[in-house]
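Notes follow the structure.
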Amino acid sequence: MDNRPIGVFDSGVGGLTAVRRMHEIMPNESIIYFGDTGRVPYGTRSAQTILHYTRQDVAFLRSFDIKAIVVACGTVSSVALNAVSKEQNIPMIGVVEPASLAAMEKTKNGRIGVIGTASTIKSGSYESFLHEHKPELKIFTKACPLFVPLVENGRVNKGDIVIETVVKEYLTELKEQDIDTLILGCTHFPLLKEVIADFMGENVELIDSGAAAADYAKRILTLSDNENAGTKYFVSDDPDSFKALSHIFLNGEIAENVGNVEIATY
Ligand code: DGL
């Protein structure tokens, strides 16, 4: 048993999709969550800036005695994880590998779609991993940058004309490629599952990358037996706005205090 907490971070609230799953499948794990809400989005920034922010996020989490880090951000997992994980002596679990493995298991026709932020898609991270393991797969990618601010503004429900229009605009070309599996390669996107599923149709399996990372963490980490485990939340911008938004990600209010971190000092 290892009762040290697991650190989890994202550029903002999206990583809570991983935390939600961790609460469901690993209730005895203590979690330290950091959301860089003061600097979100990462997905439109340069690789150099994402790397710099990632090192600071990791340094903050390592100020606690944690046993592992779940990088609950598609952008960081795609752009900075390789470099930063080499600098750390604890496991760092990103979303690319777990989500890709889940997609490889699900697909029947070998045609997989990947959606993510502009940086994630530009990095080619999902294609590299998938093709390394199964060169015969056909991968179709699409950057969907507008999904992030729409999710952050709560525009996630079926019947919302704004999100339905943007979903149609972004996903029509993937739908035409006859994919049977779609990786939601950004941790904000599982919030759009219902709208995306409705548009793509019932023959397309959606892969939640945050949940896949949580499942993977459960498989590879030495778990805890702490029955009083809890989650501590920290952000780099207004804790109250984070709390207000978090309920759509976590399916419930955060009861705990949310701390504020001066992340630029790490
Ligand atoms: N949660 C981030 C990701 O998974 C998206 C938000 C951002 O652009 O920072 O890529």
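These values consider heavy atoms only, across backbone and side chains, with no hydrogens, waters or symmetry-generated copies. Ligands are counted one by one from 1 in listed order, and the atoms in each one are counted from 1 as well.
Take H133 and apply the ring-ring contact (aromatic ring centres under 6.0 Å, His included) test, not counting sequence neighbours, and it matches F129. Residues satisfying the salt bridge (Lys or Arg N to Asp or Glu O under 4.0 Å) test with R45, not counting sequence neighbours, are none.
Each of D10, S11, V40, P41, Y42, G43, C73, G74, T75, T117, V148, C186, T187, H188 has a non-hydrogen atom positioned under 4.0 Å from some atom of ligand 1.
In this structure, L61 belongs to a hydrophobic cluster whose other members, linked by side-chain heavy atoms under 4.5 Å apart, are F9, I32, F34, Y42, I50, L51, Y53, V58, F60, F64, I66, I69, V71, V76, V79, L81, V84, I90, M92, F234, V261, I263, Y266.
Taking 4.5 Å as the limit, every side-chain heavy atom of V95 sits out of range of all side-chain heavy atoms of C73.
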Derivation of the salt bridge (charged side-chain N to carboxylate O under 4.0 Å, His left out) call for K67 and E29: CA-CA 11 Å; K67 64 182 170 192; E29 295 304 312; 2.7 Å; yes
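Ring geometry, F242 versus Y233: the interplanar angle falls from 30° to 60°, so the pair is classed tilted.
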